[in-house]
Amino acid sequence: MDSVNRALEDFEKQRERLRSAFAAVGDLRPGSLVERHHKCGKPGCHCARKDSPGHGPNWVLTRAVAGKTVTRGIPGGAAVQQAREQIEEYHRFRTLVQEFIDVSEKLCHIRIQVSRAASKEAAEKGGSKRSSKPRSPKRSKRS
Ligand SMILES: [Zn+2]
């Protein structure tokens, strides 16, 4: 019984920690950042050389939406780093959600054990008559 209560307390603490972690979640977005180079096709351009990586980089954010890949352009510079952080935040958030679900599931389960143990304890304590209500036959006819 004690260990069950301690576990219950632990899980509640874990959930509380997760809740405050949720409060600290910032901007986030799903997807992956892809660096693209392209060749413009003009014969005189530096990108026409064989060893040239081409123009760019151009950054795009891709993600699958209902089976299709959706692409959004990301301007270079600070926005790239920002997008990286937002994607990272998204993964962090997903991890938090999964942890929250796990802890919550354990809590639900352990509550059943706690209430079972409590009712067992109550039944063992002198077999009080209070818990045994006069049994009425199951008549659910209401009208
Ligand atoms: Zn070119």
Side-chain angles (χ1 to χ4, degrees), residues 1-125 127-128 130-133 135-143:
M1 181 61 193
D2 260 8
S3 68
V4 174
N5 274 331
R6 214 172 305 129
L8 181 71
E9 216 171 89
D10 277 354
F11 289 139
E12 275 174 346
K13 267 183 203 156
Q14 277 181 43
R15 190 170 67 174
E16 219 34 61
R17 262 203 301 276
L18 288 168
R19 275 191 178 139
S20 23
F22 277 122
V25 171
D27 287 355
L28 58 81
R29 68 194 312 179
S32 7
L33 205 54
V34 181
E35 187 181 359
R36 283 185 179 164
H37 295 264
H38 74 281
K39 307 220 173 192
C40 66
K42 289 176 195 149
C45 184
H46 68 85
C47 76
R49 289 202 311 261
K50 236 185 171 178
D51 60 341
S52 164
H55 297 275
N58 290 312
W59 293 92
V60 292
L61 195 76
T62 68
R63 76 186 184 104
V65 178
K68 283 183 182 173
T69 302
V70 175
T71 302
R72 279 178 193 276
I74 302 288
V80 173
Q81 184 51 32
Q82 214 168 41
R84 265 198 199 105
E85 285 164 12
Q86 289 159 352
I87 293 166
E88 225 170 81
E89 189 71 349
Y90 170 73
H91 289 293
R92 206 172 68 83
F93 180 69
R94 289 287 298 259
T95 308
L96 280 178
V97 169
Q98 194 50 57
E99 282 174 18
F100 194 86
I101 292 170
D102 289 348
V103 168
S104 203
E105 196 179 18
K106 285 175 187 159
L107 262 175
C108 293
H109 183 65
I110 213 153
R111 281 196 209 289
I112 291 173
Q113 287 177 282
V114 169
S115 67
R116 251 190 212 155
S119 61
K120 200 180 164 196
E121 212 168 75
E124 279 165 3
K125 263 182 196 166
S128 68
R130 256 174 242 154
S131 61
S132 55
K133 288 172 197 159
R135 237 161 237 210
S136 53
K138 272 184 189 167
R139 269 186 297 143
S140 51
K141 277 177 201 163
R142 276 204 164 194
S143 67

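Just follow the structure's listing: the first ligand is 1, and inside any ligand the first atom is 1. The structure displayed is predicted, hence computed values, not measured ones. Along the sequence shown, residues carry numbers from 1.
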Side-chain atoms of residues 53-63: list all donor-acceptor pairs with protein atoms under 3.5 Å, sequence neighbours left out, distances to 0.1 Å.
none

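- Around the Zn ion (ligand 1), protein N, O or S atoms at a distance under 2.8 Å total 4; waters are neither shown nor counted.
- With sequence neighbours excluded, no residue forms a side chain to side chain contact (heavy atoms under 4.5 Å, CB included) with Ala64.
- Scored by the side chain to side chain contact (heavy atoms under 4.5 Å, CB included) test, Gln14 finds Phe11, Arg17, Val103 as partners (sequence neighbours excluded).
- A salt bridge is defined here as a Lys NZ or Arg NE, NH1 or NH2 lying under 4.0 Å from an Asp or Glu carboxylate O, and Glu12 with Arg19 fails to meet this definition.
- Using a distance-only test at 3.5 Å, with no hydrogens or angles considered, no donor-acceptor pair links the side chain of Ser52 to the main chain of Ala48.
- Within the 4.5 Å cutoff, no side-chain heavy atoms of Glu88 are placed close to those of Arg92.
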